[in-house]
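Structure, as structure tokens:
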Number of protein chains: 2
Amino acid sequence: MTAIKETSTIQENKQYALDICPVTYVMEKIGGYWKPIILYHLSTSDKRYSELKRAIPAITEKMLIQHLKQLENDGLVIREAKPVVPPFVTYSLSNAGNGLIPVINAMAEWAFKEKDGVYGG
Amino acid sequence: MTAIKETSTIQENKQYALDICPVTYVMEKIGGYWKPIILYHLSTSDKRYSELKRAIPAITEKMLIQHLKQLENDGLVIREAKPVVPPFVTYSLSNAGNGLIPVINAMAEWAFKEKDGVYGG
DNA sequence: CATGATACATACTTTAGGGTAAGTACTTGT
DNA sequence: ACAAGTACTTACCCTAAAGTATGTATCATG
């Protein structure tokens, strides 16, 4: 069932791919360039918005806030704002977000091995 | 050192980010939508070009071959062509590619848990 | 009264990734 | 002679993602 449409774009096939490939399911949530990087920085410790900004200098504010919102909507990070001024907003990993730490760690481990030429550099 | 340029794009900051964040390093190689999916299918068994095509119906031939080439250039997959006709080309994971299996598996595991509501669905 | 710090929002433009469609070369089958 | 299967290649187009550049609100400080 779940036939493929003739006019097939990534968007339209997402539902299909989701059923058949778990990795695709993950890519829907943390795919793209910045999200895993943000999650990595949150995995070491909760961080304020400005701390994340400083931790990832290459990211623009638009990208940062945009992805934080998406991660929040997807239930991976939790946003907590203290009603003070100047604002004090903290981002942390949710339960589901913590579940991704093994993925992030596996990535980091691979990166270090690759750099060290373990795989034949 | 390694100061950030004023005109900062992802491209220009890749070198910088690579030094500071291992996850970024991984994303350079397997970032994007299709690559992890391709690696996932190759992790279960070596496959011919046409087998991959059938395994990932949503992907176009252009994307498939393009990402396979990049993965080959990045030393993650190995292409073996038998000089017969019709062509017989097999793709398999390299040493470094096999090193990514824990990442892929961690992703798959998370996806199943998330679907099962383990994290509070 | 202007500046800085906080955490955003929003309009506009550019670019890169992805999609469509067609073609190539060689052989087997009808 | 023509279609089908193999593994691609190439040219063109379109859209979604990313970048640029502003603006907002509030208070503290000089």
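What's counted below: heavy atoms across the whole structure, side chains too, no hydrogens, waters or symmetry copies. Labels below follow one simple rule: chain letters A, B, ... track the order of the sequence lines, proteins then strands, and each chain is numbered from 1. This one's a predicted model, so the numbers in the text were calculated from it and none came from an experiment.
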[N], OP1 or OP2 - any side-chain N/O from [X] closer than 4.0 Å?
| X | N | result |
| --- | --- | --- |
| B:R48 | D:dA7 | yes |
| B:H67 | C:dG18 | yes |
| B:T60 | C:dG18 | no |
| A:S50 | C:dA7 | yes |

What about [X] and [Y], same hydrophobic cluster or not, with Ile/Leu/Val/Met/Phe/Trp/Tyr joined at side-chain heavy-atom distances under 4.5 Å?
| X | Y | result |
| --- | --- | --- |
| A:I65 | A:L76 | yes |
| B:F88 | B:Y49 | no |
| A:L93 | A:I78 | no |
| B:V89 | B:L68 | yes |

Interface polar pairs with nucleotides 10-13 of chain D, N/O, under 3.5 angstrom:
none

Nucleotide [N], atom [atom2] - distance to [atom1] of [X] in whole Å:
| X | N | atom1 | atom2 | value |
| --- | --- | --- | --- | --- |
| A:I56 | C:dA7 | CD1 | C1' | 16 Å |
| B:M63 | C:dT20 | CE | C1' | 11 Å |
| B:I59 | D:dC8 | CD1 | P | 13 Å |
| B:Y33 | D:dA16 | OH | P | 14 Å |
| A:L52 | C:dA5 | CG | P | 18 Å |
| B:M27 | C:dA16 | CE | C1' | 16 Å |
| A:E61 | D:dG19 | CD | C1' | 13 Å |
| A:L64 | D:dA21 | CG | P | 19 Å |

Select from A:K69 and A:K53 the residue whose nearest nucleotide in DNA chain C is closer to the 5' end of that strand.
->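 Taking each residue's closest nucleotide, the earlier one in sequence belongs to A:K53.
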Identify which nucleotide among C:dA7, D:dG19, C:dG19 has an atom closest to any side-chain atom of A:Y49, counting heavy atoms from C-beta outward.
->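 Within the option list, the nearest is C:dA7.
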Counting side-chain heavy atoms from C-beta on, which of D:dG19, D:dA7, C:dT6 comes nearest to A:R54?
->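 Nucleotide nearest to A:R54's side chain: C:dT6.
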Row check, B:Y25 ring normal vs A:K115 NZ/CZ: under 6.0 Å, within 45° |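 Output yes; distance and angle both within limits.
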Axial cation check for B:Y91 ring with B:R48, 6.0 Å and 45° limits |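 Relative to the ring axis of B:Y91, which defines the angle, B:R48 lies outside at least one limit.
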Any luck finding a side-chain donor-acceptor pair between A:S50 and A:K47 under 3.5 Å?
->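 Note: A:S50 and A:K47 side chains miss the donor-acceptor criterion.
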Does the A:S94 side chain pair with the main chain of A:G75, one donor and one acceptor, at a distance under 3.5 Å?
->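 It does hold such a pair.
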In which ranges does DNA chain C form stems of 3 or more consecutive Watson-Crick or G-U pairs, distances under 3.5 Å?
->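 Stems (3+ consecutive pairs) listed as C:1-5 with D:26-30, C:7-24 with D:7-24, C:26-30 with D:1-5.
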Among residues 73-94 of chain B, which residues get a heavy atom nearer than 4.0 Å to DNA chain C?
->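 Residues of residues 73-94 of chain B that come under 4.0 Å of DNA chain C are, in numerical order, B:V85.
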NA contact type, A:Q66, heavy-atom cut-off 4.0 Å: base, sugar-phosphate, or nothing?
->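 Contact class for A:Q66: none.
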